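Heads up: the structure comes next, in structure tokens.
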Amino acid sequence: MTSPAVRMSGSRRAHGRGSEAKRYGSHLFAHIVLVLGGFAMALPFLWQIIMSLSSNAEVTSVPPTFFPRELRFDNYLAVFDVMPFFSQLGVSIWITVIRVVVQIILCTFAGYAFARMRFRGRGLMLALVLAILMVPSQVYLLSQYQIVQNLGLLDTVAGIVAPGLFSAFGTFLMRQFFLGLPVELEEAARLDGANPFQIFWKIMLPLTGPAVSALAILVVLFSWNELLWPLVVSTRSDAAPLSVGLAALAGVPTVNYPVLMAASVLTMAPILILFIILQRRVIEGLAFTGIK
Amino acid sequence: MTLSLRTVRTPVVSTPDRRRSAGPARTDGWWPWAFVAPLFLGVCVFYLWPILQTVYFSFTKFGVFGGQTWIGAANWARLVQDPDFYRAILNTLIYSAIVLLGIPVAVFLASLINRPGLRFASLYRVLFFLPYIAMPVAISLVWRMMFNGDFGIINYALSLVGIDGPHWLSTPGLALISVSLVGFWGSFGLAILILGAGLKNIPVELYEAAELDGATPWRRFRSVTVPLLSPSVFFVTIITIIGSFQLFDALYAMLGPNNPVMPATQSLVFYFYENGFIRNDKGFAAAIALAILVIIGIVTVIQFRLQKRWVNYD
């Protein structure tokens, strides 16, 4: 099953512009609505950047200062004095990279086995894994915290990533993907005497691109943005990821608003830049996971 | 698309495995175990065992220096008598309801974005997607500034039309509305994506036939788009509610954990966090966690019951 976003432009456009113009009239109304809506979406981001370049007096002035008298880029430098930005950036990058790599490996193997291999207990194990999808994370969070604490992993990257290495959702996603591939590919390889690992490695793995990139996108978003779990297992600010660091910074009364806004820009920027570069892939990938 | 809607309609576990019957009988030896074991062991340690443990925790009290004492159903008795619990349920429901109001808007926006031949459609899609990509903590801090009662631009905008704006984030009630509006603002990207995919699956012929019968654009929308899109709308409704029930980050960042309005404004997840990790009453928090599971279960069952009235699968 290809992602619907890929198929989008085909069918209707084929009917020709003439009849479309008649059916839909002018697009002017659509553009007006979408421009207004799009502006409402972008406004907080624009306002954030403006505030991050203003002085504290300008940010708190009434009426608001829409264009700061001078652009204060030193607010961005001040971020590094008020929070251990680079340690936290390092933690965020580490937890994201480790989760993406490990989850993809584990979910691809397990998803393949659940989709295509035969073994006793498959149905039961799959049911147990999928049952987790219906349980809100609070239900296992307390116990995960205890495990991480007992292992002495509080305030470590290992402690933050540990539960997120194993994903029921990723397994389900990969299983669904493998179910959709034709069996004939494997049968031919099997007749040639390939063992299950060779079939998986040489035949199936090269086909997993769309599913793996979709999973990677979701894991990156989740991992970078997540607050509750890292908040709970990080007590030292230099061992926390950016999401926790930023939330803590908001509670420090001596930090002025423009610096806080600069910090929030810097925290979001890596993911937003990645999104804008890869926008097509991200949207298609999310369509792939949301719609499958 | 059809696959996902099936998944929503029938329990995931019973999805028929169509490939099973294909091919001759064979055994894969111990390979499957090697493939599944790393994931399954992790799932057992970090998810399945913790679920059982949480059930146990909910009947215990945590000692200051570790260890648990069995206290029977005391946590549960306390939970059902705690007005904060019901307040948190109500707040979560209010938040969900306001975010759900975004779905009709998303249907409208999706139908505009997916008009054939519309220019800049992918730009619009990216714009509506920005809130979904942005870190909730970071963007909530921006909204916190915008909702500021003294110098926020929202009150400035209201003052232009002669309204003296309130102190949004320090007034009980209004604080929840503010957080909900941010949830509403962020809800369009994914909904437009899913609904857009649903719109593309509606055959053009139906619109052409309706047009030949003289149906107005509104009538075509009402009688063709709405019923044929209802499975996608249902899917969006389910994921929106599940997401809304996890409200935490925006609340934490917009109000701050020590805000005096928090008790009146907190969501179920914040209530869980506060008891488990600020007051360190983990046994009680375990009961809250299980209550959240039960409430989500009830809401989902109601959803599936109600869908028969309005979701059209033909």
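Remember, it's a predicted structure, so these values are computed and weren't measured experimentally. Below, chain A is the first sequence line, B the second, and so on; all start at residue 1.
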Name the region of Val244(A), side chain, backbone, both or neither, that has any atom closer than 4.5 Å to a heavy atom of chain B. neither

Which bit of Asp150(B) is near chain A, if near means a heavy-atom gap under 4.5 Å: side chain, backbone, both or neither? backbone

Angle between ring planes, His31(A) versus Tyr124(B), binned at 30° and 60°: parallel, tilted or perpendicular? tilted

Measuring heavy-atom distances to chain A, does Ile242(B) have an atom under 4.5 Å in its side chain, in its backbone, in both, or in neither? neither

When every non-hydrogen atom of Ala162(A) is compared with those of Phe46(B), the smallest separation belongs to CB-CZ, 3.7 Å

Under 4.5 Å from a heavy atom of chain B, the part of Leu221(A) involved: side chain

Which portion of Ile105(A) sits near chain B, non-hydrogen atoms under 4.5 angstrom: neither

Euclidean distance, Met268(A) CE relative to Ile139(B) CD1, rounded to 0.5 Å: 4.0 Å

All ring pair (Phe, Tyr, Trp, His ring centres under 6.0 Å) counterparts of Phe40(B), not counting sequence neighbours: none

For Pro32(B) and Arg118(A), which heavy atoms make the closest approach, and how far apart are they? CG-O, 3.9 Å

As a test of understanding, state which of Phe62(B), Phe277(B), Phe57(B) forms a ring-ring contact (aromatic ring centres under 6.0 Å, His included) with Tyr145(A). Phe277(B)

Sort Phe245(B) into side chain, backbone, both or neither according to what part of it lies under 4.5 angstrom from a heavy atom of chain A. neither

Going from CZ on Phe197(A) to CZ on Phe35(B), what distance comes out if it is rounded to the nearest 0.5 angstrom? 6.0 Å

Heavy-atom contact with chain B under 4.5 Å, split by part of Val62(A): side chain

Distance, nearest 0.5 Å, that separates CG of Leu227(A) from CG of Asp249(B): 4.5 Å

Backbone of Ile133(B) reached by a side-chain donor or acceptor of Asn225(A) within 3.5 Å: yes

In terms of heavy-atom pairs under 4.5 Å with chain A, which of Ile292(B), Ile153(B), Leu123(B), Thr300(B) leads? Ile153(B)

Closest non-hydrogen atoms of Ala113(A) and Val36(B), given as atom of the first, atom of the second and distance, are CB-CG2, 3.3 Å

Would you say Trp185(B)'s side chain and Ala40(A)'s backbone share a donor-acceptor pair under 3.5 angstrom? yes

Gln48(A) vs Met145(B), side chain to side chain contact (heavy atoms under 4.5 Å, CB included): CA-CA, chis, key distance, verdict: CA-CA 9 Å; Gln48(A) 175 189 31; Met145(B) 304 289 291; over 6 Å; no

Side-chain heavy-atom pair Tyr252(B), Leu231(A) within 4.5 angstrom cut-off: yes

What part of Trp30(B) gets within 4.5 angstrom of chain A, counting heavy atoms only: side chain, backbone, both, or neither? neither

By a 4.5 Å heavy-atom criterion (distance strictly below it), what part of Ser52(A) contacts chain B: side chain, backbone, both, or neither? neither

If you tally heavy-atom pairs under 4.5 Å between each of Ser159(B), Ala134(B), Gly276(B) and chain A, the highest tally belongs to Ala134(B)

Please look at Ile271(A) and chain B and tell me whether the side chain, the backbone, both or neither of the residue comes under 4.5 angstrom of a heavy atom of that chain. both

Between CG on residue Leu130(B) and CE on residue Met41(A), distance to nearest 0.5 Å: 9.5 Å

Pairwise side-chain contact, Phe166(A) with Leu41(B), heavy-atom cut-off 4.5 Å (strictly under): no

To check you understand the geometry: which heavy-atom pair defines the closest contact between Gly38(A) and Phe128(B), and what is its length? N-CZ, 3.7 Å

Can you confirm whether Ile288(B) sits close enough to Gln138(A) that some side-chain heavy atom of one is under 4.5 Å from a side-chain heavy atom of the other? no

Toward chain B, the part of Ala250(A) with a non-hydrogen atom under 4.5 Å: both

Would you indicate whether the side-chain heavy atoms of Gln146(A) and Lys282(B) approach each other to under 4.5 Å? no

For Leu128(A) and Val43(B): C-alpha separation, side-chain torsions, deciding distance, then whether side chain to side chain contact (heavy atoms under 4.5 Å, CB included) applies. CA-CA 9 Å; Leu128(A) 285 172; Val43(B) 162; over 6 Å; no

Search all heavy atoms of Tyr47(B) against all heavy atoms of Pro163(A) and return the closest pair with its distance. OH-O, 2.7 Å

Minimal non-hydrogen separation, Leu141(B) against Met261(A), with atom names: O-CE, 3.6 Å

Quick one: what part of Thr108(A) sits under 4.5 Å from any heavy atom of chain B, side chain, backbone, both or neither? neither

Sort Tyr56(B) into side chain, backbone, both or neither according to what part of it lies under 4.5 angstrom from a heavy atom of chain A. neither

Test item: Tyr140(A) side-chain N/O and Thr54(B) main-chain N/O as donor-acceptor pair under 3.5 Å: no

Could you tell me which portion of Val35(A) (side chain, backbone, both or neither) has an atom closer than 4.5 angstrom to a non-hydrogen atom of chain B? both

Given a strict heavy-atom distance threshold of 4.5 Å, which part of Ala253(B) is in contact with chain A: side chain, backbone, both, or neither? neither

